[in-house]
Amino acid sequence: MTKTQGPSYSAIELLAHLVSFDTTSSKNNLGLIGFVEDYLREHDVASRRIVSEDGQKSSLYATIGPEGQSGVALSGHTDVVPVDGQVWSSDPFTLRAADGRLYGRGAADMKGFIAAALAAVPDFKARKLSTPIHLAFSYDEEIGCIGVRPMIAELGTHLPKPRMVIVGEPTSMQVVDAHKGPVRWQVDVKGRAAHSSMAHLGVNAVTYATRLVGELERIEAELKQRVIDVRFEPPYSTLQVTKIEGGTATNIVPVSCRFVFDIRALPGLSPDEIESRLTRFAEVHCLPEMRSIAPEADIEIARVNAVPPFGAARTSEVVALALKLTGQNETFGVSYGTEAGLFQDAGAPSVVCGPGDIAQAHTADEWIAESQITACQGFLKRLGDWAAA
Ligand SMILES: [Zn+2]
């Protein structure tokens, strides 16, 4: 049976198309998704949208090769960080080539990888793959790996669950098998207002908030001593209180105080453990005292966002595959978060390997070296060889 071949774009032409859609996380990505969907359809590849609750954004999942089998997923996020406040030498949403570099928002993080994956589709299609290759394109990664979660939730039910996942974040095509996980909490302390001259009638929310901050400082000091992993910079989990606000006026005992703290957790550190320690401290060292004056006093500790840390197993099949495909023999750990930990926690072992340098991600005049796109194309060609064997 002969099928009409769709238009074949080069990876760079595809990248130019992808960059032309302003998919800043605060905007919708449906134009880009429609483009990718059409491209795949022209190559006779069916895809499925996983639409966000408000209908403004969508992930896309597609399978090339035999159905009913688990294969290798190529995962990439379609959203990009804002260009607001940055000074660019040219329009960030028009790909510009100069001196072997391709400039544009998302060129490195991470539309370059998506372009290379799409450019490989005709080659994947032309072969008799015995192991399927899945495409898993998400949204809202830049605001806390939000969009990939509903897609992951459907793996194994509405979507074929991959046996392994390659997350194409920019690693300069090196093999990353571990990263830290950013976790954020918001703490609300509720006291009781009183005239500051009658302080004994009130409960000072700022005072109790600082007590909690003091405990966090002790936890931070302990984290620095613990599980030193020299593959990371810095080699320990970090904890920082990053925002605090409270109080009403100089002569009122403050009724409320809110602060936010952030942990960059090494693989193996449990955010639950940190949270229950702070909760226990609140229950023992703050609340009884507070409630003896104001029964309504309260401390609420809420996890706002968590991207799990990622650490591949020593025996990981997908890490071995990525090393083989890149021809390397060394793996790396990085301090930024990716979707790899989420896939891995859902039972799909992952690795991070993609074109471009993280140093250029999120910057003005973001660029990717053309040679990185070429290297990624070679990697995907060898992936096709492997999947057809
Ligand atoms: Zn990224």
Side-chain angles (χ1 to χ4, degrees), residues 11 14-15 18-19 21-29 32-33 36 57-60 73-84 86 92-93 95 102-118 135-149 151-152 165-184 232 262 264 305-310 322 332-344 350-369 372-373 375-376 379-380:
L14 283 162
L15 180 56
L18 297 175
V19 166
F21 296 99
D22 176 359
T23 51
T24 306
S25 311
S26 59
K27 301 187 175 161
N28 86 60
N29 73 339
L32 182 148
I33 291 296
V36 174
K57 293 175 187 180
S58 185
S59 294
L60 200 69
L74 302 176
S75 162
H77 62 81
T78 61
D79 61 317
V80 295
V81 294
V83 295
D84 304 338
Q86 296 184 340
F93 301 106
L95 193 71
L102 301 161
Y103 293 86
R105 173 53 86 225
D109 186 12
M110 58 180 290
K111 290 177 172 176
F113 176 74
I114 296 179
L118 291 175
L135 303 176
F137 300 147
S138 64
Y139 59 90
D140 283 358
E141 189 272 348
E142 298 291 3
I143 51 173
C145 295
I146 306 292
V148 77
R149 297 174 200 243
M151 176 160 66
I152 288 176
V165 180
I166 297 169
V167 178
E169 288 281 355
T171 65
S172 304
M173 294 309 295
Q174 292 186 309
V175 179
V176 166
D177 63 351
H179 66 62
K180 288 184 179 177
V183 190
R184 264 164 225 135
F232 294 95
D262 165 285
R264 301 285 163 145
N305 188 266
V307 174
F310 162 61
F332 297 87
V334 293
S335 288
Y336 55 89
T338 80
E339 297 171 340
L342 287 163
F343 278 109
Q344 175 123 330
S350 302
V351 70
V352 188
C353 183
D357 191 332
I358 194 70
Q360 273 91 49
H362 302 195
T363 60
D365 288 340
E366 176 177 348
W367 57 270
I368 187 166
Q372 280 289 303
I373 301 278
C376 185
F379 175 92
L380 293 171

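Each ligand, and each atom within it, is numbered from 1 in the order the structure gives.
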Check your understanding: Do Ser25 and Asp79 pass the side-chain hydrogen bond (donor to acceptor under 3.5 Å, both in side chains) test, and can you show the C-alpha distance, the side-chain angles, and the key distance before you say yes or no?
Key -> CA-CA 5 Å; Ser25 311; Asp79 61 317; 2.8 Å; yes
**Study point:** N/O/S atom name from Glu169 that is nearest to the position of the Zn ion (ligand 1)
**Key:**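 Looking only at N, O and S atoms of Glu169, the one nearest the Zn ion (ligand 1) is named OE1.
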Check your understanding: At the Zn ion (ligand 1), what is the angle formed between atom OD1 of Asp109 and atom NE2 of His77, rounded to the nearest 10°?
Key -> 100°
Practice item. Verify the distance test for Glu141 against the Zn ion (ligand 1): any N/O/S atom under 2.8 Å, yes or no. Key: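 It does not; every qualifying atom lies at 2.8 Å or beyond.
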Ignoring hydrogens and angles, tell me if any N or O in the side chain of [X] forms a donor-acceptor pair with the backbone of [Y] under 3.5 Å.
X: Gln372; Y: Gly356; result: yes
X: Ser172; Y: Gln174; result: no
X: Glu366; Y: Asp109; result: yes

